[in-house]
Amino acid sequence: MNKDQVEGLFEKVKGKVKEATGVILDDKDMEIKGNVQKNIGKVQSDFGDFKEDIKKDIDNI
């Protein structure tokens, strides 16, 4: 795993927790911020996956 994959996964988890906390506390603002954070983490993790795929392709040449 590369840095982007790890950090992205961590952000997704933090976002999910924040989103769930917002639902439990009926705090729409916190719920929305958690959802945004979760999606940012997903994008970062996907970018890390893309980098790994490129690296593997280069190594196979």
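Computed from a predicted model, the values in this text were never measured in an experiment. Because only heavy atoms are used, hydrogens play no part in the values below, and waters and symmetry mates are left out as well, while side chains stay in.
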To the closest 0.5 Å, what do you measure between [atom1] ([X]) and [atom2] ([Y])?
{"X": "Lys51", "Y": "Lys56", "atom1": "NZ", "atom2": "NZ", "answer": "14.0 Å"}
{"X": "Glu52", "Y": "Gln5", "atom1": "CD", "atom2": "CD", "answer": "5.0 Å"}
{"X": "Phe10", "Y": "Gln44", "atom1": "CZ", "atom2": "CD", "answer": "11.5 Å"}
{"X": "Glu19", "Y": "Met30", "atom1": "CD", "atom2": "CE", "answer": "12.0 Å"}

**Report entry** Counterpart residues, side chain to side chain donor-acceptor pair (under 3.5 Å), relative to Lys16 (two or more places apart)
**Finding:** none
**Report entry** Residues that, via side-chain heavy atoms closer than 4.5 angstrom, fall in one hydrophobic cluster with Ile58
**Finding:** Phe50, Ile54
Report summary line: So the side-chain hydrogen bond (donor to acceptor under 3.5 Å, both in side chains) pairs with at least one residue in residues 20-31 (sequence neighbours excluded) are Asp29-Lys33
Report task. Find out whether Glu11 and Ile40 are in side-chain contact, i.e. whether some heavy atom of one side chain is under 4.5 Å from a heavy atom of the other. Result -> no
Query - Closest non-hydrogen atom pair, Lys12 against Lys42 - result: CG-N, 3.3 Å
Query raised in the report: What is the minimum heavy-atom distance between Ser45 and Leu9, and which atoms define it?
Result: CB-N, 4.3 Å
**Report entry** Over 12 non-hydrogen atoms of neighbours within 6.0 angstrom of NZ in Lys55
**Finding:** no
